[in-house]
Amino acid sequence: MDELNTRKSIEIKESRSGEPVPVVNGIFLHSIYSPEKEAQAFARDYEDSIARRPAALVLGLGFGYHVQEVLLMAKKFHQDYAIFVLEPNKAIIEEFKKTETFKKLSPYIKIVHAENAQSVFEMEEFVMFLSKKPAIIKHDPSYNLGRGFYQKFLTFKASKNVSDYRKLLSQKSSEMLSQWDGSLDEGLQAVMKKGRIQNKNDYFFFLMNAVVESSQENKHKA
Amino acid sequence: MKPTLITCFKNETTLVQACHLINSLKQESPHREIHLATFRDLEPTAKVVCHQAKLHFVDRYKIEHLKSGALYSDAFAVNSLIEDINFALETEWDKAINLSNDDISSYLLPLINAETMVGSYVSSNGSAATSDKWASYRNFYISQSPLAPIEALSTVHHSSGTVYRREGSKVAMKEDFTMVANQNFARIRASKGENCHVIGINLAPGHDGSTFDFDFLSNVVETLEYSENFKPVLLIGGKDQEKAVCDELNAQFGNRLISINMDVSAAPSVMGNIDFLISRPSTMSAIADALDTRVLEVSNDKSKCLAFNEGCFHIIESEGPASEDVLFVIGQEFDEILPMAVKNSQNKVYARVKDDMGLLNTLIRGEIDLQAELSYHVSRCYHYALLGYPIDHKILQNLKDNAPLEALEKFCSKEKEELVCAVKALLNTIRSLQAFKQSEKNAPKFVQYLDQLMDFSKMPNVAQAPVCLFEAAIENINSTDPKVSLSIMEENLYKLKSDLQTLAKIFEGLLAENEAREFFEKGL
């Protein structure tokens, strides 16, 4: 299983500076001395990425100290800054929600929890967020804990066949592609091979292709 | 009344020209509901120039990003596109007009429910179908001949069943910008007295990326700034390069020049306050033209010019300073004498004028290439005739009266040579079609001759337009029955023959002794 759901393995310890630090299977997710100072140094390491991108995807929630510092850093460069945090461990999320940091951060961030990498990419909101090309910020302790999940996430390739993603289609989209199960590109080739439009919806393959080409051409000119 | 849909999925300059069609349709029928679909990235311009229509956008960058990304399921790209075009799918339209003759519209139109599709679209056999002759001319001829004597905007008006109307509110003007602009320009005018003419000079690049060189700008600005009744105003779009040029000019003139920084939403308020605009062909010159501000476009390519209205000018640069031509036009337009260093010009200056058939360009300065002028006016007359107008014998009589006989003979002789080649190819095709009808083994010969005939649609010669229309008619054949298809082809071959005979008649008429009117009324 990708997800780590073991509540029993989470301990909450107090740092020297008084903040709670989650410990999972004996691994400290933040500095036991000063999570805040550690988080500030963490954010400085990603300053360039934060400045250049309009949003950030943080891999690993912990107790959010690093997320807080990323948000503060982002405010130097951007008026609005979206942060999504991907965390496969539900227990960590639930413990985090009890903290003061959560109360401060919750209006500004979105926590994404999924059982596996595939289901993350089926969330429309998350996919639309990814389409903005956010900076990818890795929280190492969390990443190492959920390595299997995160690696599958980072190397994920979506299936291009309509039959595999039909459940994600809206009703109108599904009606438009009701006669086809393969990929859109294969659909286009199949209609071209027939040499004739037999079904009105076949135009959709050409339309999609034309829209994509128009975007690519215009980017190339720019 | 069902609403009308106009689709424009090309570029910003085509979108600006949409305002003319929207306005013409609205003027004809004020209660008509017009919708316009274009790209999301063109939204700022659409809001300004298509304010009389309800706007819909397709976010091509988002769709392409979702489709191309290996991470994302294509479901999201599909959902996104469907969501963007759903308004078109769910509505019953009176007309769906492919304004910009683009691919996206060609595939979208057959997907929707419209009583009439206007322009070009893809038929069920995968070929480029057109709604009428004007659309055929646009898709098959203008696309290959950007210097076609009948412009795309004229053809789309005819295809849409309306006439071009100049009057009307084509462009949205923001009240707050307009108020500020009115106040500022009142002050500018006051600085030079009540006879002051404000001349805007657009420093932004044209739609082809070309800019004015510094010498051109310096010469024009200097002459206008030191004149009694003209005040130049530099118009910039905010880019660093434009600001740098503006600063350099200002430094030359002791910082007395006026410059205005404007984006597309503020442009109408500014353009509405100037008396004349000098610009490379661009969105700004097209907006000024739509506002009825007189525009002078300077380009090295006539096909790139955008200003459409009567009273506008195009300068086609070849050699020598175009700045002198600009000063010539301004002096002429405002009846003022401006100092000019060069009296005659290598460049060509055209004025946009109107006749019974529509708008045209007439050469007002520069060396006359008589053959080119004859070609333009004769082609224009002929092309309108191909599209259903009567032959304009007034134009032909004008040419007979004003062109030396020698030039007319040279022109007609050269054109007839090309015409003869086309007629030969046509007759071969007709003969081989008859042979094919007798026996199928003659099919390859027929196809070969048909191909040779179709080649004329790609050659820039006198027969190109009618062969393009013939090609369009063949592409429009939607029958799967070979006999029916052949019959339609035959009908169109004879139509082409008739069209080429009309052209031959025009050449005859140009050289005939009797008057053009008499010749054509008798001859046709």
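Here is the naming used below: chain letters follow the sequence lines, and residue numbers restart at 1 for every chain.
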**Q.** Contact leader toward chain A among B/Asp74, B/Thr480, B/Ile82, where contacts are heavy-atom pairs under 4.5 Å
**A.** B/Asp74

Q.
How close do B/Val122 and A/Tyr203 get, counting heavy atoms only, and between which atoms?
A. O-OH, 2.9 Å

Q: May I ask you to check whether over 12 heavy atoms, not counting those of B/Gln241, lie within 6.0 Å of atom CD?
A: no

Q: Might you point out which heavy atoms bring A/Ser214 and B/Arg60 nearest each other, and give the distance in Å?
A: OG-NH1, 2.8 Å

Q: Under 4.5 Å heavy-atom distance to chain A, tell me which part of B/Leu81 shows up: side chain, backbone, both or neither.
A: side chain

Q.
Salt bridge or not between B/Lys67 and A/Asp185? Use side-chain N to carboxylate O under 4.0 Å.
A. yes

Q.
Please give me the minimum heavy-atom distance between A/Arg196 and B/Asn478, naming the atom from each residue.
A. NH2-O, 3.8 Å

Q. Heavy-atom count around A/Tyr108 OH within 6.0 Å, excluding the residue itself: above 12?
A. no

Q: Would you mind checking which part of A/Phe205 comes under 4.5 Å of any heavy atom in chain B, side chain (CB onward), backbone (N, CA, C, O), both or neither?
A: neither

Q) Would you find a donor on one side and an acceptor on the other, under 3.5 Å apart, between the side chain of B/Tyr107 and the backbone of A/Asn209? A) no

Q) By a 4.5 Å heavy-atom criterion (distance strictly below it), what part of B/Asp102 contacts chain A: side chain, backbone, both, or neither? A) neither

Q.
For a quick test of reading the model, state the closest non-hydrogen atom pair linking B/Leu89 to A/Met176 and the distance between them.
A. CD1-CE, 4.0 Å

Q: May I ask you to name which of B/Leu66, B/Leu108, B/Leu111, B/Ile85 has the most heavy-atom pairs under 4.5 Å with chain A?
A: B/Leu111

Q. Does any heavy atom of chain A fall under 4.5 Å from the side chain of B/Ser80, the backbone, both, or neither of them?
A. neither

Q | B/Asp240, CG: over 12 other non-hydrogen atoms inside 6.0 angstrom | A | no

**Q.** Close side-chain approach of B/Phe39 and A/Asn218, heavy atoms under 4.5 Å
**A.** no

Q. Any ion pair linking B/Glu83 and A/Lys172 (charged N to carboxylate O, less than 4.0 Å)?
A. no

**Q.** Which atoms of A/Leu130 approach chain B - backbone, side chain, both or neither, heavy atom under 4.5 Å
**A.** both

Q) Of the non-hydrogen atoms in B/Ser73 and A/Ala158, which two are nearest, and what is the gap between them? A) N-CB, 3.5 Å

Q) Among A/Lys167, A/Glu213, A/Lys133, which has the most heavy-atom pairs under 4.5 Å with chain B? A) A/Lys133

Q | Test item: B/Tyr72 side-chain N/O and A/Lys157 main-chain N/O as donor-acceptor pair under 3.5 Å | A | no

**Q.** Selection from B/Asp103, B/Asn125, B/Leu71, B/Ile63 maximising heavy-atom pairs under 4.5 Å formed with chain A
**A.** B/Leu71

Q: Return the minimal non-hydrogen interatomic distance between B/Glu64 and A/Ser215, and the atom names on each side.
A: OE1-OG, 3.0 Å

(Q) Within the supplied structure, the quantity of interest is the number of heavy atoms (other residues, nucleotides, ligands) at a distance under 6.0 Å from B/Lys54 NZ; does it exceed 12? (A) no

Q | side-chain contact (heavy atoms from CB on, under 4.5 Å) evaluation trace for B/Val78 with A/Leu169 | A | CA-CA 8 Å; B/Val78 172; A/Leu169 291 173; 3.9 Å; yes

Q.
Take a 6.0 Å sphere around CD of B/Glu115 and say whether it holds more than 12 heavy atoms from other residues, nucleotides or ligands.
A. yes

Q: Examine whether an atom of B/Lys10 lies under 4.5 Å from a heavy atom of chain A, and if so say whether it belongs to the side chain, the backbone or both; otherwise answer neither.
A: neither

Q. Can you say whether B/Asn11 sits under 4.5 Å from chain A via the side chain, the backbone, both, or neither, judging by heavy atoms?
A. neither

Q: Measure from the side-chain N and O atoms of B/Asn79 to the backbone N and O of A/Ser170, and report whether any donor-acceptor pair falls under 3.5 Å.
A: yes

Q: Please examine the side chains of A/Val211 and B/Asp84, heavy atoms only from C-beta on, and report whether any two atoms are closer than 4.5 Å.
A: no

Q: Would you mind checking which part of B/Leu109 comes under 4.5 Å of any heavy atom in chain A, side chain (CB onward), backbone (N, CA, C, O), both or neither?
A: neither

**Q.** Segment of A/Met192 engaging chain B (4.5 angstrom heavy-atom cut-off)
**A.** neither

Q: Could you look at A/Glu122 and say if it's the side chain, the backbone, both or neither that has a heavy atom under 4.5 Å from chain B?
A: backbone

Q. Does a sphere of radius 6.0 Å around NZ in B/Lys47 hold more than 12 heavy atoms from other residues, nucleotides or ligands, not counting ones at 6.0 Å or beyond?
A. no

Q) Who among B/Ala77, B/Gly69, B/Ser105, B/Ser123 has the most heavy-atom pairs with chain A under 4.5 Å? A) B/Ser123

